[in-house]
Amino acid sequence: MCLGIPGEVLSAVEGPLRMGRVAFGRVIKEVCLAYVPEAHPGDFVVVHAGFAISRVDPEGARRVFAYLEELGEPAEERGEEP
């Protein structure tokens with residue numbers, strides 16, 4: 001099963017391939033932002049396999065984290081430190 005995880009864009013770097021730093025809880029990863037050129041620092045995006053594929057409102061991101069918490073997903077599956 002594929003799963004996209006929301007994260008907060010911390011920074012974006014323009015270039016041939018737009019990249020950025022995205023926070024998933026306490027874990028920060030480098031993510032390709034080419035598919036969401038409208039995303040800026042402070043926005044939340046859904047990330048799948050290292051690519052941000054859509055923007056999501058902050059409340060939607062919080063609902064996903066709460067839902068994953070209810071499911072008992074291990075923290076590392078959510079991109080967080082255990």
Side-chain angles (χ1 to χ4, degrees):
M1 178 170 94
C2 297
L3 183 63
I5 303 293
E8 182 179 5
V9 177
L10 300 177
S11 64
V13 177
E14 302 297 332
L17 190 59
R18 188 169 188 252
M19 300 295 291
R21 294 175 57 231
V22 175
F24 304 91
R26 291 175 289 169
V27 174
I28 298 171
K29 300 273 187 181
E30 189 170 1
V31 170
C32 179
L33 299 173
Y35 298 139
V36 287
E38 72 279 13
H40 298 286
D43 289 342
F44 284 81
V45 292
V46 174
V47 177
H48 174 71
F51 290 84
I53 55 176
S54 66
R55 286 180 59 205
V56 62
D57 66 278
E59 184 56 35
R62 287 184 196 93
R63 284 195 306 268
V64 170
F65 284 126
Y67 181 68
L68 292 174
E69 186 78 27
E70 286 179 24
L71 290 176
E73 289 282 330
E76 58 269 16
E77 293 292 321
R78 294 190 311 265
E80 298 177 359
E81 295 287 333

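Along the sequence shown, the residues carry numbers beginning at 1. Values in this document were obtained by computation on a predicted structure and should not be read as measured data.
- Residue Leu33 holds its CG atom at 10.0 Å from CD of Glu38, rounded to the nearest 0.5 Å.
- The two residues Pro6 and Phe65 make their nearest non-hydrogen contact at O-CZ, 3.2 Å.
- For Ala12 against Pro41, the heavy-atom pair with the smallest separation is N-CG, 4.3 Å.
- At least one donor-acceptor pair under 3.5 Å links the side chain of Arg18 to the backbone N or O of Val36.
- One hydrophobic cluster, built from ILVMFWY side chains closer than 4.5 Å, holds both Leu3 and Val31.
- Shortest non-hydrogen contact noted between Val9 and His40 is CB-O, 3.6 Å.
- Leu10 and Ala23 make their closest contact through CD1-CB, 3.9 Å (heavy atoms, listed as atom of the first residue, atom of the second, distance).
- Rounding to the nearest 0.5 angstrom, the gap separating the CD atom in Glu30 from the CZ atom in Arg21 is 9.0 Å.
- Partner of Ser54 under the side-chain contact (heavy atoms from CB on, under 4.5 Å) criterion, out of Val46, Val45, Val47: Val46 alone.
- Taking every heavy atom of both residues into account, Cys32 and Leu17 meet most closely at SG-CD1, 3.7 Å.
- When hydrophobic clusters are built by joining Ile, Leu, Val, Met, Phe, Trp and Tyr residues whose side-chain heavy atoms come closer than 4.5 Å, directly or via intermediates, Phe44 is grouped together with Ile53.
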